[in-house]
Trainee: 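Okay, handing you the structure first.
None of the values given here were measured: they were computed from a predicted structure. Reminder, nothing fancy here: chain letters follow the sequence lines and each chain counts from 1.
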Amino acid sequence: MARDQTTLERALLGRGDHHDHAVIARNVGKAFDDHAVLRDFSLEMRPSEFVALLGRSGSGKSTFLRVLGALDTEVDGYVRIPRHRAIVFQDPRLMPWLPVLRNVTLGLPQTREVKEHGLATLAEVGLQDHANAWPRTLSGGEAQRVALARAMVREPQLLLLDEPFGALDALTRIRMHALLRELYRKHRPAVLLVTHDVDEAILLADRVLVLTEGRISLSTKIDLPAPRNRSDPRFAALRRHLLTELGVEPD
Amino acid sequence: MAQLLDPRTTPGPMTVLNTAITMLGSGELQGHLWASLQRVLQGLAIGVSLGVVGALVAGLARWGENLIDANMEILHAVPNFAFLPVLIAWFGIGEEPKVALITLSVWIAIHINTYSAIRNVDASLVEAARTFGVGRRELITAVILPGALPGFLVGLRLALTAAWLALIFAETINAPTGLGRMMSDAREYFRIDVIFVLLGVYALLGLASLAVARFLESWLLSWRRSFDGA
Ligand SMILES: Nc1ncnc2c1ncn2[C@@H]1O[C@H](COP(=O)(O)OP(=O)(O)OP(=O)(O)O)[C@@H](O)[C@H]1O
Ligand SMILES: [Mg+2]
């Protein structure tokens, strides 16, 4: 029954009415066999809100992201998401047999306008010169930038990021943070960033959530002015607070 | 030793070369070669088409899997050449059973490899494609077929070998033309030099097939940066 209800709610998605909310998820439950991963998970996101979701490994962050991406529709509860969504996974998931630009325009009609828009988006991530390259010739950071371009080219109302920088080195990650902030400033999608990295969450998000035992155990607004700085004492305080919530003793 | 090199059973290289030149000069060899080549090309064209389409249907639809893949498994389990009597009964003794036998060998090799390649296309790529709104048609042309291409090309290599082998069997049926015809004539008249020329032709055809397969691989798989023997 619960599944039918969710299906019905999904049928109503995208009929306007998400002016006040980009995402509404109420009492979402998800179990694998007998193992409940999400229970009564609720989240509302305003349009253009940047939310970071923290949680221990295996806490269900990716599971929730897959629900918001409609990759997993067999869930209990009420979910409302915008029609225009895009996902960036932890691995770039580029089609190795398609040139970079064709990867970016995947799933779109192959018109001249779309190609030009694709090229312009590649330029935004600094890869216009690689438009005709094979994905396997790219570095890890470049491939992830292509994945970001592939998501942004659709002008999503909701951008879902599942540890997109997890596999990158610290230097590349800093550059990717700047790039993401720039893209966000320009296109203003609602963003859900799943991450392990507390600093990353505080640096980028308007709001940080901690997922514990299937529920949100902590939700905190980040009111630090941009550009945020790790040496700000408020940054350190937030960091300590979040780490404690995650069960790590900060030193 | 002397017996081993008995010119009646083992002609010298010059004899073989002279025979080859005579056969080429008279146009006899080209004529028969062309007849055989046509059978192989027809069998390849039909077999590859059936193999790819069948593998796609079996790979994408449950009913296709039940209908096609199960039957291909059975055909694969029987040595192809055992079907020759059946093919003769169905198609007579003209060109059709010959082409049919080659087609069958090619079809099986292509199907087995292409089907398993389709089933092994990275599910996370298919999922990613779906989240970006890729429809059924684009999923096939931009994700599944190119993803299955390496496996298809392995199948094609095997199919080329299988095609020439099937040709030899097929041309044991009343063949007025073809390399098989020349071979049985040579056997009858004990022209061991002609037999050696024909063995050379078969070898060249096999090598040429492999060269074609290798060319297709390097051309179609240029996106793949793989271990090349360092
Ligand atoms: N398809 C599945 N079948 C069975 N169990 C699953 C499946 N997907 C996830 N799980 C389980 O659900 C739990 C949450 O997984 P999930 O991938 O959401 O964790 P996560 O918070 O993203 O962890 P990480 O930070 O390591 O990526 C895990 O215990 C996992 O084993
Ligand atoms: Mg995860």
Trainee: Using a cut-off of under 4.5 Å for heavy-atom pairs, which of A/G107, A/A147, A/A133 has the most such pairs with chain B?
Mentor: A/G107
Trainee: Would a 4.5 Å heavy-atom cut-off, applied to side chains only, mark A/K61 and A/T195 as touching?
Mentor: no
Trainee: If you count every heavy atom of other residues, nucleotides or ligands that lies below 6.0 Å from A/R188 atom CZ, does the total exceed 12?
Mentor: yes
Trainee: Run the salt bridge (Lys or Arg N to Asp or Glu O under 4.0 Å) check on A/R185 and A/E182 step by step: do they pass?
Mentor: CA-CA 5 Å; A/R185 200 183 51 73; A/E182 180 63 20; 2.9 Å; yes
Trainee: With chain B as the partner, which of A/R102, A/R93, A/M95 has the greatest number of non-hydrogen pairs under 4.5 Å?
Mentor: A/R93
Trainee: Got A/L160 and A/R66 here, is their nearest side-chain heavy-atom distance under 4.5 Å?
Mentor: no
Trainee: Can you say whether A/L106 sits under 4.5 Å from chain B via the side chain, the backbone, both, or neither, judging by heavy atoms?
Mentor: both
Trainee: Is A/L98 in contact with chain B via its backbone, its side chain, both, or neither, using a 4.5 Å heavy-atom distance?
Mentor: side chain
Trainee: At a heavy-atom distance under 4.5 Å, which candidate from B/G133, B/S124, B/A129 has the highest pair count against chain A?
Mentor: B/S124
Trainee: Under a 4.5 Å cut-off applied to non-hydrogen side-chain atoms, are B/L75 and B/F83 in contact?
Mentor: yes
Trainee: For chain A, which of B/T131, B/L221, B/V134, B/V143 has the most heavy-atom pairs under 4.5 Å?
Mentor: B/V143
